[in-house]
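What follows is a single structure, written as structure tokens, with notes after it.
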Amino acid sequence: MKRRWLLPLAAAGMAVLLLRGGGTNEPEWLLRYAENQPEDYPTTQSAYYFAELVSERTDGAVKITVCADGVLGNESAVIRQVQFGGIDLARVSIAQLVTHAGELSVLTMPYLYRDNRHMWEVLDGEIGDRFLDGLASIGLEGLSWYDAGVRNFYTRERITTLDDLRGMVIRVQETDYMSDVVRALGAAPKSIPYNEVYSSLSTGAVDGAENNWPSYEATQHYRVAPYVLLDGHVRIPEVQILSAVTAAELPAEYVQTIHECARESARYERQLWNEREQDARQKCIDSGVTVTALSEAERERFRAACSPVYEVYAEEYSDLIAEILAIGE
């Protein structure tokens, strides 16, 4: 079997081994796929499904090795390596891509989508394709959108309105963006490492936090913050990406197959995510969690309160935001 290394990347410790030629049972191309979640996570399981589809439809010519648990580095490092061709494929949050492609910040705006259906109408349509195509400007090929759920607030004491949230100390991710969202809603953001959130909620160092259902359930935060407000403040999708360097090396028909299989794996991932989300939610409710939904009028108050966030992070994209808001109305 003929082996070919991308030598400049090998020197940096990021080489991709591309296997060309060989017998009928050997792949022509061996590609690496970076995934930072554990083996049983929906995105990881869908990555394996994607790899199987590609292998089947190329008659074994393309083999994709999924590297889970973040063994190839954190998402920001992975994105850089994919741009250089050191890693061939990855699944990353668009929150990590915003620094490379500012327009993606639009898709992270608070209360942008009315519901999950609205988000998928946007991402599966012309606007979503436009965003995927736009990744070419930063050395990536956008393949498909993955679900990462919706983030809600959960607290030690029940909240039902925007007024109840004001003055509370809310744990946020260590980003300026989430701090600004929480601050706009009248609460006080506090950045705390993820592994310290449970103890901070337990002792009252913070009044609440925010995350999706699977994370809330897996961390058992529901034991110390048993009130969930279904405000759906942020829905940040994730994206499968292919290195433009790798795409240029591969035969065009294999690149096309990768794109097709990626979209199929996205539908599979959404199904897995929905099942995981519903299961986590039910487990929390069975454990005594109180769930509060917002009325449309109250939700509009939340969205209006976040207008300063739009001005800071997406003011130049106001026309695009209007286009997104109009979809499905």
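Along the sequence shown, residues carry numbers from 1.
Taking CD of E121 as the start and CG of N116 as the end, the distance is 11.0 Å to the nearest 0.5 Å. The CZ atom of R91 sits 4.0 Å away from atom OG1 of T43, with the distance rounded to the nearest 0.5 Å. From T290, atom OG1 reaches atom CG of L229 across 12.0 Å, with rounding to the nearest 0.5 Å. Distance CD1/I64 to CG/D88: 8.5 Å, rounded to 0.5 Å. Considering SG of C306 and CZ of R301, their distance stands at 12.5 Å, rounded to 0.5 Å. Taken from CZ in R299 to CZ in R114, the straight-line distance is 9.0 Å, to the nearest 0.5 Å.
Around atom CG of D176, no more than 12 heavy atoms belonging to other residues, nucleotides or ligands sit under 6.0 Å away. Dense packing is recorded around CD of E39, with more than 12 heavy atoms of other residues, nucleotides or ligands lying under 6.0 Å away. No more than 12 heavy atoms of other residues, nucleotides or ligands sit less than 6.0 Å from atom CD of E315.
Between A184 and V309, the closest heavy-atom pair is CB-CG2, 4.0 Å. Residue V78 comes nearest to A34 through the heavy atom pair CG1-CB, 3.6 Å, listed as atom of the first residue, atom of the second, then distance. Heavy-atom minimum distance, L272 versus S46: CD1-OG, 3.7 Å. Counting all heavy atoms, side chain and backbone alike, A262 lies closest to S144 at O-OG, 3.1 Å. Closest heavy-atom contact between P189 and A187: CD-O, 3.5 Å. When all heavy atoms of A247 and L242 are compared, the closest pair comes out as CB-CD2, 3.8 Å.
Using a 4.5 Å heavy-atom threshold, the side chains of V82 and L140 count as touching. Taking the side chain as every heavy atom from C-beta outward, Y227 and I159 never approach each other to under 4.5 Å. In this structure, L135 and I138 have side chains that are in contact, with non-hydrogen atoms separated by less than 4.5 Å. Put simply, the side chain of L250 reaches to within 4.5 Å of the side chain of L31, judged on heavy atoms. Counting heavy atoms from C-beta on, the side chains of F131 and L107 come closer than 4.5 Å. Looking only at side-chain heavy atoms (C-beta outward), P237 and I94 come within less than 4.5 Å of each other. In this structure, the side chains of L72 and Y33 stay at 4.5 Å or more apart for every pair of heavy atoms. Side-chain atoms of V239 and L132, non-hydrogen and from C-beta on, do get closer than 4.5 Å to each other.
A tilted orientation is assigned to the rings of Y216 and Y154, their planes being inclined by 30° to 60°.
For D180 and R183, the salt-bridge test passes: some basic side-chain N is under 4.0 Å from an acidic carboxylate O. A salt bridge links E264 with R57: the distance from a Lys NZ or Arg NE/NH1/NH2 to an Asp or Glu carboxylate oxygen falls below 4.0 Å. A salt bridge links D163 to R166: at least one charged side-chain nitrogen sits closer than 4.0 Å to a carboxylate oxygen. Between D124 and R270 there is a salt bridge, with a side-chain nitrogen of the basic residue lying less than 4.0 Å from a carboxylate oxygen of the acidic one. With respect to R130 and E323, a salt bridge is recorded, a charged nitrogen being found less than 4.0 Å from a carboxylate O.
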Please test E141 against H259 for side chain to side chain contact (heavy atoms under 4.5 Å, CB included), starting from the C-alpha separation and ending with a verdict. CA-CA 9 Å; E141 287 201 16; H259 275 266; 2.6 Å; yes
Which is it for K190 and R171 under the side chain to side chain contact (heavy atoms under 4.5 Å, CB included) test, yes or no, and what are the steps along the way? CA-CA 5 Å; K190 187 171 183 178; R171 183 268 172 181; 5.6 Å; no
Worked check of side-chain hydrogen bond (donor to acceptor under 3.5 Å, both in side chains) between N212 and S215: CA-CA 6 Å; N212 57 48; S215 296; 3.0 Å; yes
Does the pair F153 and T292 meet the rule for a side chain to side chain contact (heavy atoms under 4.5 Å, CB included), with working shown? CA-CA 10 Å; F153 289 109; T292 301; over 6 Å; no
Going through the distances and angles, do Q240 and S265 end up as a side-chain hydrogen bond (donor to acceptor under 3.5 Å, both in side chains)? CA-CA 10 Å; Q240 283 185 299; S265 76; 3.2 Å; yes
Run the numbers on S191 and Q173 for side-chain hydrogen bond (donor to acceptor under 3.5 Å, both in side chains), then give the verdict. CA-CA 6 Å; S191 296; Q173 297 167 299; over 6 Å; no
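S55 places no side-chain N or O within donor-acceptor distance of the main-chain N or O of E52, the cut-off being under 3.5 Å. In this structure, D207 contributes its side chain and I170 its backbone to no donor-acceptor pair below 3.5 Å. Within the 3.5 Å criterion, the main-chain N or O of E238 finds no donor-acceptor partner in the side chain of S93. Without hydrogens or angle criteria, N152 side chain to N211 main chain gives no donor-acceptor distance under 3.5 Å. Between the D164 side chain and the T160 main chain, a donor and an acceptor come within less than 3.5 Å of each other. With hydrogens and angles ignored, the 3.5 Å screen pairs no side-chain donor or acceptor of E35 with any backbone N or O of D69. Within the 3.5 Å criterion, the main-chain N or O of L123 finds a donor-acceptor partner in the side chain of W145.
R303 is linked by a salt bridge (Lys or Arg N to Asp or Glu O under 4.0 Å) to nothing, counting only residues two or more places apart in sequence or in another chain. Partners of Y310 according to the ring pair (Phe, Tyr, Trp, His ring centres under 6.0 Å) rule, which considers only residues two or more places apart in sequence or in another chain, do not exist here. Annotation: side-chain hydrogen bond (donor to acceptor under 3.5 Å, both in side chains) contacts of Q278 (sequence neighbours excluded): none. In this structure Y177 satisfies the ring pair (Phe, Tyr, Trp, His ring centres under 6.0 Å) test together with Y313, sequence neighbours excluded. Residues satisfying the salt bridge (Lys or Arg N to Asp or Glu O under 4.0 Å) criterion with R263, sequence neighbours excluded, are D129.
When the side chains of ILVMFWY residues are joined at heavy-atom separations under 4.5 Å, either directly or via intervening members, M168 and L162 end up in a single hydrophobic cluster. Both L294 and L165 are assigned to one and the same hydrophobic cluster, defined by single-linkage of ILVMFWY side chains at heavy-atom distances under 4.5 Å. One hydrophobic cluster holds both L320 and I236 under the rule that ILVMFWY side chains link at heavy-atom gaps under 4.5 Å. Cluster annotation: L185 is not connected to V206 through the hydrophobic network of ILVMFWY side chains, with a link wherever side-chain heavy atoms come within less than 4.5 Å. Linking Ile, Leu, Val, Met, Phe, Trp and Tyr residues whenever their side-chain heavy atoms come within less than 4.5 Å leaves M109 and V150 in two separate clusters.
Ring centers of F302 and H233: at least 6.0 Å apart, outside the cut-off.
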Expected list for residues 193-201: side-chain donor-acceptor pairs under 3.5 angstrom, two or more places apart:
from, atom 1, to, atom 2, distance (Å)
S199, OG, E196, O, 3.0
S200, OG, E196, O, 2.9

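When only modelled atom types and interatomic distance are considered, S287 and R223 share no side-chain donor-acceptor pair under 3.5 Å.
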